[in-house]
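Both counts, for ligands and for their atoms, begin at 1 and track the order of listing. We use all heavy atoms of the structure for the numbers below, so side chains are in, but hydrogens, waters and symmetry mates are not.
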Amino acid sequence: VKYTIVDKETCIACGACGVTCPSIFDYDDEGLAFVLIDDNTGTKEIREELEDDVLDAYEGCPSDSIKISEDPFHGDPLKFE
Ligand code: F3S
């Protein structure tokens, strides 16, 4: 896990990710999640000590809206699908 991004099209604002990993995930005014560290572009490398939490958030998202990759997303959550 090096990069992460939220697909806001499918996020259902369940609120789990920000609880699991508050230094990476936050919510906008509508409660939709986004990645704090790079304004949800998936371009900034996640610090190693946060990788496990990001993985937990990824696995816990009920709508599979959290994407993870070894390569940057450049703003496109579906880049590797
Ligand atoms: Fe949305 Fe999934 Fe987080 S539904 S609020 S991205 S856990």
Do other residues, nucleotides or ligands put more than 12 heavy atoms under 6.0 Å from [X] [atom1]?
X: Tyr27; atom1: OH; result: yes
X: Glu30; atom1: CD; result: no
X: Glu9; atom1: CD; result: no
X: Glu81; atom1: CD; result: yes

Sub-4.0 Å atoms of ligand 1 with respect to non-hydrogen atoms of [X]:
X: Cys17; result: 3 (Fe), 5 (S), 6 (S), 7 (S)
X: Ser63; result: 4 (S)
X: Ala33; result: 3 (Fe), 5 (S), 6 (S)

* Asked: Would one find an N, O or S atom of Cys61, in either backbone or side chain, under 2.8 Å from atom 2 (Fe) of ligand 1?
  -> yes
* Structure fact -> From the list Glu51, Glu45, Glu49, salt bridge (charged side-chain N to carboxylate O under 4.0 Å, His left out) with Arg47 holds only for Glu49
* Would you mind checking if Lys8 and Asp28 are paired as a salt bridge, meaning a charged N to carboxylate O distance below 4.0 Å? => yes
* Is it true that some N/O/S atom of Cys11, main chain or side chain, lies under 2.8 Å from atom 1 (Fe) of ligand 1? -> yes
* Asked: Among protein heavy atoms, which sits nearest to atom 5 (S) of ligand 1, and what does the distance come to when rounded to 0.1 Å?
  -> Gly15 N, 3.3 Å
* To do: Of the side chain and backbone of Cys14, name the one, both, or neither that has a heavy atom under 4.0 Å from an atom of ligand 1.
  => both
